[in-house]
Amino acid sequence: MASHVVLTSGAKLWRSLPCLTSELRLDLTLACGQSFRWRETAEGHWTGVMGGRVWTLTQTDDRLWYHVYTNQKKRRGRENRAEEQPEGVPNVEEEAPAVTDEQQSTMEAEMLREYFQLHVKMEDLCRHWGAADRHFKNTADVFTGVRMLRQDPTECLFSFICTSNNHISRIQGMVERLCQALGVPLCQLDQTPYHDFPTLSALADSSVEARLRDLGFGYRARYLQQSAKMILDTHGSQWIEGLRRVPYLEAREALRTLPGVGAKVADCVCLMSLDKPEAVPVDTHVWQIAKRDYKYAADNGQKSLTDKLYKDIGDFFRKLWGPYAGWGQSVLFCADLKKFQNLKEMGHVKQPKKEKETHKRCKKTKKDFDGNKIKTESEYRKKAKISVKKESTL
DNA sequence: CAGGTC
DNA sequence: ACTGG
């Protein structure tokens, strides 16, 4: 049976392209809630589906290494027979016009350059932003290499319909189940099956809502099926990709006509798959960042993001960072995630990992990136809860 | 309460 | 409203 490859055993299976870790950090970029389809299958090795194929990626200081697995062949009766007779009917992959390994590898490298948008120099952008924005510089110095992916628009749209009122770890599981239930199987590695993302027509089928409810999608099940059906019925299968050639605000409003797609999801799709780098998705994290780190005046203590507040915060960051504001947002968003908090403390002292439970009650006062003392997480949360209680008892 | 929406 | 870390 096929298994996940690792770089240290079998260098012949790998190809690479030049790419500095200052431009790309796989661990941050692939696990920060842009795409939900990558898993760390071995230390520093990330396996996922991209462009209808299964890839494992890893990196060294100045190169990005990749391996593409051959898709599992469809096994119908005839082809099984053909396998026993070598001169039999060639399978689908062999029928394709002959491509040399060289050409194949060139295409794969090009797919990766596109997916990671390596033509955009993140280092230049960060230097520019950091010069005028002290907080950004401090964060970007630690979270160097977070990039914006250029995802498939259909996958991006339907994945982000799943994100409302949800958290990343559950979203990952839901997207995985979505692909297993409705996507074409590609191959299996170490007992793990990999599937392509479902097509629009698979998502639009009337049986989909009930099926997804059974898989734990809750009320989002209906949004997924209805959005797919609406796109096919009123626009056609190429509609979403066509939004790449349309101005940001027009694409955003077009997406918002779909059920389950509000301002935030529409901005995520614009930013992460439709080539709109100025789109700034404002979620709870970004709202907190605006208030906490940029002293954004949310004067009347709003409980939820109103349309106006949403627009104002987006405009604030666009004014601060310019036409690639969405890329800047992604760096701070990543730095705000719980799972990456450990990176921040590694700057000063490297603590041995032994102490886990023993020092738990030792409260450390952390400093934020501007050097200001801040409360510990728990205290911060306590405070937030109290203020929420006050609001609700009024 | 979670990368919100109807 | 769904649901689980």
Side-chain angles (χ1 to χ4, degrees), chain A residues 28-38 143 146 148-149 151 155-178 208-227 230 252-253 255-273 279-292 302-311 313-314 317 325-341 377-378 380-389 391-392:
Chain A
L28 300 178
T29 303
L30 297 180
C32 71
Q34 291 186 46
S35 168
F36 302 97
R37 302 214 63 199
W38 294 92
F143 290 82
V146 178
M148 188 51 57
L149 300 173
Q151 299 186 60
E155 172 173 339
C156 191
L157 170 61
F158 288 90
S159 296
F160 274 90
I161 288 176
C162 300
T163 63
S164 71
N165 210 304
N166 209 345
H167 48 86
I168 291 178
S169 62
R170 185 160 83 112
I171 298 164
Q172 280 182 344
M174 285 166 60
V175 172
E176 187 173 336
R177 293 197 293 279
L178 180 69
V208 162
E209 181 184 347
R211 194 114 102 87
L212 293 183
R213 277 191 182 274
D214 286 342
L215 292 175
F217 281 66
Y219 57 85
R220 305 171 195 84
R222 182 200 298 269
Y223 294 151
L224 292 164
Q225 190 272 332
Q226 286 188 340
S227 281
M230 186 185 287
R252 185 179 188 270
E253 290 320 297
L255 290 170
R256 288 188 66 170
T257 65
L258 301 169
V261 182
K264 190 267 171 182
V265 170
D267 274 333
C268 286
V269 178
C270 282
L271 174 64
M272 301 176 188
S273 72
V280 178
V282 181
D283 70 335
T284 51
H285 288 277
V286 176
W287 190 19
Q288 291 305 310
I289 289 165
K291 287 189 293 191
R292 170 179 19 97
Q302 295 275 4
K303 277 183 295 187
S304 63
L305 275 168
T306 60
D307 283 352
K308 176 176 168 23
L309 187 53
Y310 185 101
K311 181 183 186 307
I313 292 177
F317 284 117
W327 288 55
Q329 173 267 10
S330 74
V331 175
L332 297 191
F333 175 88
C334 181
D336 204 56
L337 294 176
K338 291 282 181 294
K339 65 161 117 176
F340 293 133
Q341 293 311 300
E377 291 282 344
S378 57
Y380 188 87
R381 225 186 258 170
K382 251 183 232 168
K383 202 174 180 183
K385 257 182 197 172
I386 289 166
S387 67
V388 167
K389 253 186 187 172
E391 289 286 334
S392 59

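Only heavy atoms go into these numbers, but all of them, side chains included; no hydrogens, no water, no symmetry mates. So that the names make sense, note that chain A is the first sequence line, chain B the second, and so on, each numbered from 1.
Among the protein residues, A:V261 comes within range of the sugar-phosphate backbone only, with heavy atoms under 4.0 Å from sugar or phosphate atoms but none that close to a base. Contacts of A:C334 with the nucleic acid, taken as non-hydrogen atoms under 4.0 Å apart, are absent. Within the 4.0 angstrom heavy-atom criterion, only backbone atoms of the sugar-phosphate kind lie near A:L258; the bases stay farther away. At the heavy-atom level, A:F160 lies nowhere under 4.0 Å from the strands shown. Residue contacts for A:G260: at a heavy-atom cut-off of 4.0 Å it reaches the sugar-phosphate backbone alone, with no base atom in range. Nucleic acid contact class of A:R220 (heavy atoms, under 4.0 Å, all strands): base. No engagement by A:A221 is indicated, since no non-hydrogen atom pair under 4.0 Å with the nucleic acid exists. The residue A:Q329 sits close to a base: some heavy atom pair falls under 4.0 Å. Among the protein residues, A:M174 comes within range of no part of the nucleic acid, since none of its heavy atoms lies under 4.0 Å from any strand. Nucleic acid contact class of A:V286 (heavy atoms, under 4.0 Å, all strands): none.
With rounding to whole Å, A:Q151 atom CD is found 13 Å from B:dG3 atom C1'. Taking atom CD1 on A:I171 and atom P on C:dG4, their separation rounds to 14 Å, with Å as the unit. Rounded to an integer number of Å, the gap from CG of A:L215 to C1' of C:dC2 is 13 Å. Distance A:I161 CD1 to B:dG4 C1': 12 Å, rounded to the nearest Å. For A:R213 and C:dA1, the CZ to C1' distance is 9 Å, given to the nearest whole Å. Spacing between atom CG of A:L224 and atom P of B:dG4 amounts to 16 Å, rounded to whole angstrom units. Protein atom CZ of A:R222 is 15 Å distant from nucleotide atom P of C:dA1, rounded to whole Å. Computed from coordinates, the A:K339 NZ to B:dG3 C1' distance equals 12 Å when rounded to whole Å.
Without hydrogens or angle criteria, A:Q341 side chain to A:L337 main chain gives a donor-acceptor distance under 3.5 Å.
For the pair A:S164 and A:H167, both in contact range of DNA chain C, the more 5′-proximal nearest nucleotide belongs to A:S164. Along DNA chain B, the nucleotide closest to A:S330 and the one closest to A:P259 are compared, and the more 5′ of them pairs with A:S330.
Across the strands present, B:dG4 finds no partner; the criterion is a Watson-Crick or G-U wobble pair with both atom distances under 3.5 angstrom. Base-pair partner of C:dG5: not found among the strands shown (Watson-Crick or G-U wobble, both distances under 3.5 Å).
Distances shorter than 4.0 Å separate some side-chain N or O of A:T284 from OP1 or OP2 on B:dG4.
Residue A:R213 qualifies as enclosed at atom CZ: its count of foreign heavy atoms under 6.0 Å is above 12. A 6.0 Å sphere centred on CZ of A:R177 holds more than 12 heavy atoms belonging to other residues, nucleotides or ligands.
Relative to the side chain of A:V265, the nucleotides C:dC2, C:dG5, B:dT5 differ in distance, and B:dT5 lies closest. When each of C:dG5, B:dT5, B:dA2 is scored by its nearest atom to the side-chain atoms of A:K264, the top-ranked nucleotide is B:dT5. In the set B:dG4, C:dG5, C:dT3, the nucleotide with an atom closest to the side chain of A:R170 is C:dT3. Of the listed nucleotides (B:dT5, B:dG4, C:dG4), B:dT5 has the atom at the smallest distance from the side chain of A:Y223.
Here the two rings, on A:F333 and A:F340, have centers that are 6.0 Å apart or farther.
Between A:W287 and A:L309, the closest side-chain pair of non-hydrogen atoms falls below 4.5 Å. Annotation: side chain of A:I161 is in contact with side chain of A:V261 (closest heavy-atom distance under 4.5 Å).
At a cut-off of 3.5 angstrom, the base of C:dC2 holds no donor-acceptor pair with the side chain of A:N166. For A:Y219 and B:dG4, a side-chain-to-base donor-acceptor distance below 3.5 Å is present, hydrogens and geometry of angles not being considered.
A:D336 approaches A:R292 most closely through the heavy-atom pair OD1-NH2, 2.7 Å.
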